[in-house]
Amino acid sequence: MTTSSAAVDRGAGPVTTGERGTSSRRTASTSTIDSKRQWWGWLFVAPFTVVFLLFLIIPLGYAFWMSLHNKGLATGGESVFVGLDNYVRAFTDPVFLEGLLRVAKFVVVMVPIQIGLALLCALVLDTLATRLSKASRLLIFVPYAVPAVIGALMWGFLYSPRFGPATDVFGLFGMTAPNFLSSSMIFASLVNIVTWQWVGYYMIIIYAALRTIDPSIYEAARIDGANGLQTAVRIKVPMVSSSMVMVVVFSLIGTLQFFTEPTVLRSVAQGAIPPDYTPNMYAYSLAFSYSQFNYASTIAFALGIFVFIGSYIFLYLTRKQSGLK
Amino acid sequence: MRISQRRGAQVAVAALAAGALLTACSSDGSGEGGDGSTEAAGGDATCTNEIVNPDATQVSVWAWYPAFESVVDHFNETHDDVQVCWTNAGQGADEYNKFSTTIEAGSGAPDVIMLESEILPTYTILNSLADLSEFGAGELESQFTTGAWSDVVSGDSVYAVPVDGGPMGMLYRADIFEEYGVEPPTTWDEFAQAGQDLRDAGYEGYITNYPTNGNALNYALFAQNGWTPFAYDPANPQEIGIEVATPEAEQVLSYWKGLIDEGLVSTDDAFTSDYNTSLVDGTYAVYLAAAWGPGYLQGLSDADSEAEWKAAPLPQWDTNDPTQVNWGGSTFAVTEQASDKQAAYTVASELFGNMDAWELGIDEAALFPQWNEALESDFFVNKEYEFFGGQQINKDVFLEAANGYEGFSFSPFQVYAYDQQTQALFDMVESGGDAATTLQTIQDALVSYAQQQGFTVK
């Protein structure tokens, strides 16, 4: 939450100035006005707080309670308190660990590709000032506007050995198209879908941050003799680093929770994508296909712990760049 | 951000999974009842259909039969005391996932639910289905085929009323067999030979497809060779016998592995658009199908009008001792959450308990009755199917298959068992393992799962 609001402030000029104005007034005001203002604040936040409690905190608590109990199929449906047994089982469960390893691989491969492409697009579009750049910006962003489910379905067709264009394209050169839905290709196929889907979104965030940089800085750089590439690498990238950090956190969390694309693609590649392909899919199958709601809650929580640790480590390592210090 | 994305996914997943796991009687995609009507169950449910007698007891029903609305209307018009309030909660896995959730939640289940017979033990072990013998369901036995009845009973308990079935046969492209001068096979040996002959004569397609995700189909093919993987009795729910890796199954799997290795049989996933296209465009010369298969074929939008389909009995391992098998088949069960079980039982047993309903089901939805009166009626026996060039496929093929079917015992964790099978078969096809190892992999996975769920594995 903090990251995102900080970045929004940074991204949108007027908001930043507004903030500054407020804080300078705040120093001048008395404490009574301060506390009054705080009370009003709560009123505005109340609707959110109620929804937050009802639909996030309470279900989370319930899920945690469930994760401490167990109900075996053969034991007559009696819920038994087992303490942390489910967690012990989860962290030694090869299926869960394999899924974790798989999403970790996705993080290593997918996050750099996504962010790298998004940064590259943003930098290029920032340099161009023609009408074409506006159109390109929109075109790169459009895949994000396509719902992930529809996107994955569409790619399912594009990957199809029968209907997909790949067969024809490869055929032109006298080659056989690879089977994008085989178990050796499925990883790359998924990386492609997710990258296609999210690059535009991340690009817009980075691009917005780039637009807030004062042009006089570029002028100074030019006078100092920096060429375009040097300006981009030495000036632009460091100046948008906090947006970059936020985007990487989004990407990191999203990838660790990988669910939609493999689940949708599974309808055309059931062998290559098992129901426990990612930890989130594992939790989903456990709960809804195998009626193991307790262990599913445990898996969900165990994944949550990993996501938390992963994002924390990342934010800690990048605390300088993110401006969160 | 990702959270909303995931929610959207779950809806879509359910819809897609249904397509993938679909087994019973399907001819077209009937409308999904995703309008919130699923949340209300019991007396105050909102229904897809119109209630004729608002004062009567209402029984909520989840079912996905195609053209079901006319059957429901017929029931409501002929009953003053009970009215059906029908919702389509999705097909196959989609509905099951919702039902599992209502069981865990303790509320929200319908009074009567359509379940495939293979999934019944999954729900009886959760104590979520009412024992219908209390309402006299035992007397219905003589009205149904032996196999269908044995699939819904356990000891003296009756957990559902059979509706439609999936006795298996072989649908084949008569024009392709004729063009290449090959005789349709009657045994599996002839089947392999026919595949080779077709190929030698220049046919570029495959004699058939062996889908690694064809869960119930593969069960049926194994069962035809005398495979009984599970020994499970709901009266003694903590014990289960698991014998997946048997010589019978190994023989069948090796047979198919051989055909796959020789390139005579393809291994496309079933129920994908690729598969559907191949079914109708002549890529597969044979479609090993259940009795609902003709309806499924006909429903595929670009069914080739030039194609000449014929139905023949499923090839046999031993023609002197033919074994009939079943793929799919559905039932109506009464849930433990039903507020008025007696009324619910009336609905479960009478919805398809008359000839009028069955004429609608047979004509409009291509259902295959398990109810003897419909099964033996002239209307059904002598029905000529235009799609098969006027062939009387019921008389020729499916009636014998239905009467010869003796039932099958499924496990109380059937979805898990299917998932493991899909995985193992896919690995076998892709990385070239052998049949025995593949079956052993499934066996080990199921045994350890059962033990972990608290079963004693015999």
Side-chain angles (χ1 to χ4, degrees), chain A residues 4 56 66 70-77 89 147-150 152-153 156-157 160-164 179 181-184 197 201 250 253-272 274-276 280-281 284-295, chain B residues 1-3 5-6 8-17 19-21 93 96-98 100-101 103-104 122-123 125-128 211-213 237-240 267-274 277-278 283 412-413 415-416 419 422-423 425-427 429-431 449-450 452-456:
Chain A
S4 79
L56 192 74
M66 277 181 79
N70 207 6
K71 203 158 47 167
L73 264 185
T75 46
R89 181 180 152 198
V149 172
I150 310 287
L153 268 180
F157 275 102
S160 150
R162 267 188 99 79
F163 302 110
N179 181 5
L181 300 174
S182 64
S183 56
S184 52
Q197 184 103 41
Y201 177 76
F250 279 176
I253 294 175
T255 311
L256 286 172
Q257 299 190 350
F258 209 20
F259 181 82
T260 314
E261 290 82 1
T263 309
V264 174
L265 217 55
R266 190 172 136 70
S267 67
V268 291
Q270 282 196 19
D276 42 37
N280 244 345
M281 287 173 72
Y284 179 83
S285 319
L286 278 172
F288 299 108
S289 305
Y290 310 153
S291 290
Q292 292 188 46
F293 291 88
N294 298 85
Y295 190 47
Chain B
M1 172 189 60
R2 286 275 175 154
I3 290 178
Q5 194 188 357
R6 280 182 49 206
Q10 291 179 357
V11 177
V13 165
L16 286 162
L21 290 175
Y96 304 154
N97 289 355
K98 285 179 191 153
S100 301
T101 313
I103 293 167
E104 177 68 20
T122 301
Y123 291 113
I125 199 170
L126 296 172
N127 299 321
S128 53
T212 52
N213 71 339
Q238 307 202 353
E239 268 188 21
I240 186 165
T267 54
D268 303 325
D269 266 11
F271 306 117
T272 63
S273 35
D274 271 26
T277 312
S278 304
T283 305
F413 37 82
V415 182
Y416 183 83
D419 282 346
T422 299
Q423 201 54 47
L425 290 183
F426 179 81
D427 290 344
V429 167
E430 211 184 44
S431 29
Y449 183 82
Q452 197 247 312
Q453 289 296 319
F455 289 98
T456 311

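Lettering of chains follows the sequences in order, A, B, ..., and the numbering in each one begins at 1. Only heavy atoms go into these numbers, but all of them, side chains included; no hydrogens, no water, no symmetry mates.
Looking at heavy atoms from C-beta onward, A/Val268 lies out of side-chain contact with B/Phe271 at the 4.5 angstrom threshold.
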Residue pair A/Ser291, B/Ile103: steps toward the side-chain contact (heavy atoms from CB on, under 4.5 Å) verdict: CA-CA 9 Å; A/Ser291 290; B/Ile103 293 167; over 6 Å; no

For a side-chain contact (heavy atoms from CB on, under 4.5 Å) check, start with the C-alpha distance between A/Tyr284 and B/Asn97, then their side-chain angles and the critical distance, and finish with the verdict. CA-CA 10 Å; A/Tyr284 179 83; B/Asn97 289 355; 3.8 Å; yes

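Between the OH atom in B/Tyr416 and the CG atom in A/Leu73 there is a gap of 11.5 Å [rounded to 0.5 Å]. Remark: B/Asp274 CG to A/Phe163 CZ distance equals 5.5 Å, nearest 0.5 Å. The line from CD of B/Gln452 to CZ of A/Arg89 is 3.5 Å long, rounded to the nearest 0.5 Å. The distance from atom OG of A/Ser183 to atom CD of B/Glu430, rounded to the nearest 0.5 Å, is 3.0 Å. B/Asp419 contributes atom CG, which lies 6.5 Å from atom OG of A/Ser289 (distance to the nearest 0.5 angstrom). For the atom pair CZ (A/Arg162) and OG (B/Ser278), the distance works out to 4.0 Å, reported to the nearest 0.5 Å.
Side-chain contact, B/Gln453 with A/Gln292: a donor N or O sits under 3.5 Å from an acceptor N or O.
Using a distance-only test at 3.5 Å, with no hydrogens or angles considered, a donor-acceptor pair links the side chain of B/Asp269 to the main chain of A/Gln270. Within the 3.5 Å criterion, the main-chain N or O of A/Gly271 finds a donor-acceptor partner in the side chain of B/Gln423.
The part of B/Thr283 that comes within reach of chain A is its side chain, from C-beta onward, which places non-hydrogen atoms under 4.5 angstrom from that chain. Contact of A/Ala269 with chain B is made through the backbone alone, with heavy-atom distances under 4.5 Å. For B/Tyr123, no part lies under 4.5 angstrom from a heavy atom of chain A. Neither the backbone nor the side chain of A/Tyr295 has a heavy atom closer than 4.5 Å to any heavy atom of chain B. For A/Tyr290, the parts lying near chain B are the backbone and the side chain together; criterion is any non-hydrogen pair under 4.5 Å. Residue A/Met281: no heavy atom, backbone or side chain, is found under 4.5 Å from chain B. Heavy atoms of A/Pro274 lying under 4.5 Å from chain B belong to its backbone as well as its side chain. Using a 4.5 Å cut-off between heavy atoms, A/Ser285 makes no contact with chain B at all.
Between B/Ser273 and A/Phe157, the shortest heavy-atom contact is OG-CE2, 3.4 Å.
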